[in-house]
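Have a look at the structure below, then the notes.
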Amino acid sequence: MRLRWWGRAATLPAAVIAAFVASTTARADVINVLSQISVPGSSGHHTRYGRIYSFPSDVREYSDRTFLGYSFREDYQRGGWRVIDFMRVRTPGAYMMVTDLPPTGRMSHMAHTVVIVFPRVPVRRKNLYDVAEESSGQFRVRAPDGSWLWFDGTTGSVRAASGFVLSPQGGPGTPPGVQHGGLHVVLQAVGKNPFRRGATATIVDARGQTCRVDTDSLFVYPNDRPESDAFRFDTDADFFSYLRGRCPDLATPDLTRASYRPWIPTH
C-alpha cells in the first residue's frame, strides 16, 4: 500500500497504521519517515491513540529517542475523516495540526489548520503536549499553556475542551475551524503543506486582534528547503520581543505570572 503526503510517497508497513515521508532534517538529501503506531489504552484494546515517531528511511526505530508526538483520528459515517496531531512535542516548536479529508476523498481537498499556542509553560512534565489516560478509557491531551482536549478513546472524537473550540468539518476546500483563547499562531492550507515557505501565518492574541506575517519569519528553512515546521523562536521571551517590533498592537501574556489560567469557552 502506498500513501502520498504533500507530494512524496512512502510504504505503509503492516505494523504501522500510517506512514508518510517528509524531508525533516537539515540536509536536503536525507529523508525521514514519520510513522504512527496505534497504542491501546489500559481499559481495553477498543481505546486507542497514535504515537508518532521520526527516523531515517533505512532504520525503523520506535524508541523514546525518536518519539515525535501524538495522533487521534475520527472517521465519519458519511465518509472522510479528521486527524488531530500533536507534533514536535519535545521541542519549543510543538504544535497542533487538525487535518480534514472530506467525503470526496480527494487529496486536493485535504485541508490543514496548524495552531501554536503561547505561553509555553508546562509544569512538571517534559513534553509541551502530553496524553493522560482517564479511568473511563478516554484521553486528555494537555497543551503547553494548560488548556486541554478530551478525546474519546474508541472513536477518536473530541468530547470536550478547555481553551480550544473546534468547529465541525466543513465542505471541500474549507480549512478546519480552530479557536484558542490565548495568544497563538495559525497556519492554514488546502491541498498543500501548511509549512511551505512564503505562505502567510496569522498571529492572534487573547482579545482577538490579529497580525499577518510570512512563514519565513517564523520557521527555519535549512538549505533553502521549500517546507519546514522548525519554529525559529526557542523561548517565549524571544518570540514576544519579535512581536513587539513586528505586531505592536498584539497583547502578549505576562511571563512573570506564577501560573497561567487558560481561557474557558462559555458556549
Side-chain angles (χ1 to χ4, degrees), residues 1-22 33-41 44-54 68-89 94-115 129 131 133-134 137-141 143 148-161 164-180 186-196 227 229:
M1 179 177 180
R2 307 284 285 179
L3 176 65
R4 186 164 296 278
W5 180 266
W6 294 335
R8 301 180 177 90
T11 300
L12 186 63
V16 180
I17 64 172
F20 47 88
V21 172
V33 174
L34 302 185
S35 292
Q36 179 179 301
I37 297 178
S38 183
V39 180
H45 289 284
H46 64 284
T47 60
R48 292 180 176 273
Y49 69 96
R51 287 181 186 164
I52 303 170
Y53 296 82
S54 174
L68 192 67
Y70 311 98
S71 184
F72 294 83
R73 171 170 171 156
E74 179 179 8
D75 293 305
Y76 298 120
Q77 292 184 349
R78 67 181 187 278
W81 44 254
R82 166 169 286 180
V83 175
I84 302 180
D85 294 318
F86 304 91
M87 306 287 278
R88 289 185 175 268
V89 298
Y95 59 89
M96 179 178 80
M97 181 164 68
V98 184
T99 299
D100 281 349
L101 182 69
T104 62
R106 296 179 181 176
M107 290 300 188
S108 61
H109 292 165
M110 183 183 289
H112 315 274
T113 296
V114 174
V115 176
Y129 286 90
V131 173
E133 185 173 357
E134 306 284 338
Q138 296 171 338
F139 301 96
R140 188 183 302 265
V141 179
W148 51 262
L149 296 113
W150 191 23
F151 290 87
D152 186 295
T154 301
T155 66
S157 63
V158 176
R159 295 289 300 273
F164 293 94
V165 172
L166 275 69
S167 301
Q169 187 181 72
T174 305
V178 183
Q179 297 179 54
H180 187 268
V186 180
L187 304 166
Q188 293 185 316
V190 177
K192 300 177 181 178
N193 186 339
F195 296 101
R196 65 194 185 282
E227 303 166 356
D229 64 349

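Heads up: numbering here begins at 1 and tracks the sequence.
Contact record, Pro175 with His112: CB-O, 4.0 Å, taken as the closest heavy-atom pair. For the residue pair Gly79 and Pro103, the shortest heavy atom distance occurs at O-CG, 3.5 Å. Taking each heavy atom of Ala94 and Val89 in turn, the nearest pair found is CB-CA, 3.8 Å. Between Phe139 and Gly41 the shortest heavy-atom distance is CZ-CA, 4.0 Å. Heavy atoms only, all atoms of each residue included: Tyr129 and Val115 are closest at OH-O, 4.2 Å. Closest approach of Tyr70 to Ile52, counting heavy atoms only: O-CD1, 3.7 Å.
Val33 places none of its side-chain heavy atoms less than 4.5 Å from the side chain of Tyr53. With contacts defined as side-chain heavy-atom distances shorter than 4.5 Å, the pair Met87/Leu34 qualifies.
Applying the side chain to side chain contact (heavy atoms under 4.5 Å, CB included) test to Ala111 and every residue at least two apart in sequence or in another chain returns Pro176, Val190. The side-chain hydrogen bond (donor to acceptor under 3.5 Å, both in side chains) search around Arg196 returns none, not counting sequence neighbours. By the side chain to side chain contact (heavy atoms under 4.5 Å, CB included) test, Leu149 is found to be paired with Phe86, Met96, Phe151, Val158, Ala161, Phe164, Leu166, residues two or more places apart in sequence or in another chain being considered. Scored by the salt bridge (Lys or Arg N to Asp or Glu O under 4.0 Å) test, Glu74 finds no partners at all (sequence neighbours excluded). Applying the ring pair (Phe, Tyr, Trp, His ring centres under 6.0 Å) test to Tyr95 and every residue at least two apart in sequence or in another chain returns Phe195. Contacts of Thr104 classified as side chain to side chain contact (heavy atoms under 4.5 Å, CB included), with partners at least two apart in sequence or in another chain: Pro102, Arg106, His109, Pro172. With sequence neighbours excluded, the residues that form a salt bridge (Lys or Arg N to Asp or Glu O under 4.0 Å) with Arg159 are Asp152. Remark: Arg140 pairs with Glu134 by the salt bridge (Lys or Arg N to Asp or Glu O under 4.0 Å) rule, at least two apart or across chains.
Under the side chain to side chain contact (heavy atoms under 4.5 Å, CB included) test applied with Leu187, the options Val114, Asp229, Thr113 reduce to a single match, Val114.
If you take CD1 on Ile84 and CZ on Phe72, they are separated by 9.0 Å, rounding to the nearest 0.5 Å. The OG1 atom of Thr154 lies 10.5 Å from the CZ atom of Arg48; values are rounded to the nearest 0.5 Å. The OG atom of Ser71 sits 12.5 Å away from atom CD1 of Ile37, with the distance rounded to the nearest 0.5 Å.
For the residue pair Arg78 and Gln169, a side-chain donor N or O sits within less than 3.5 Å of a side-chain acceptor on the partner.
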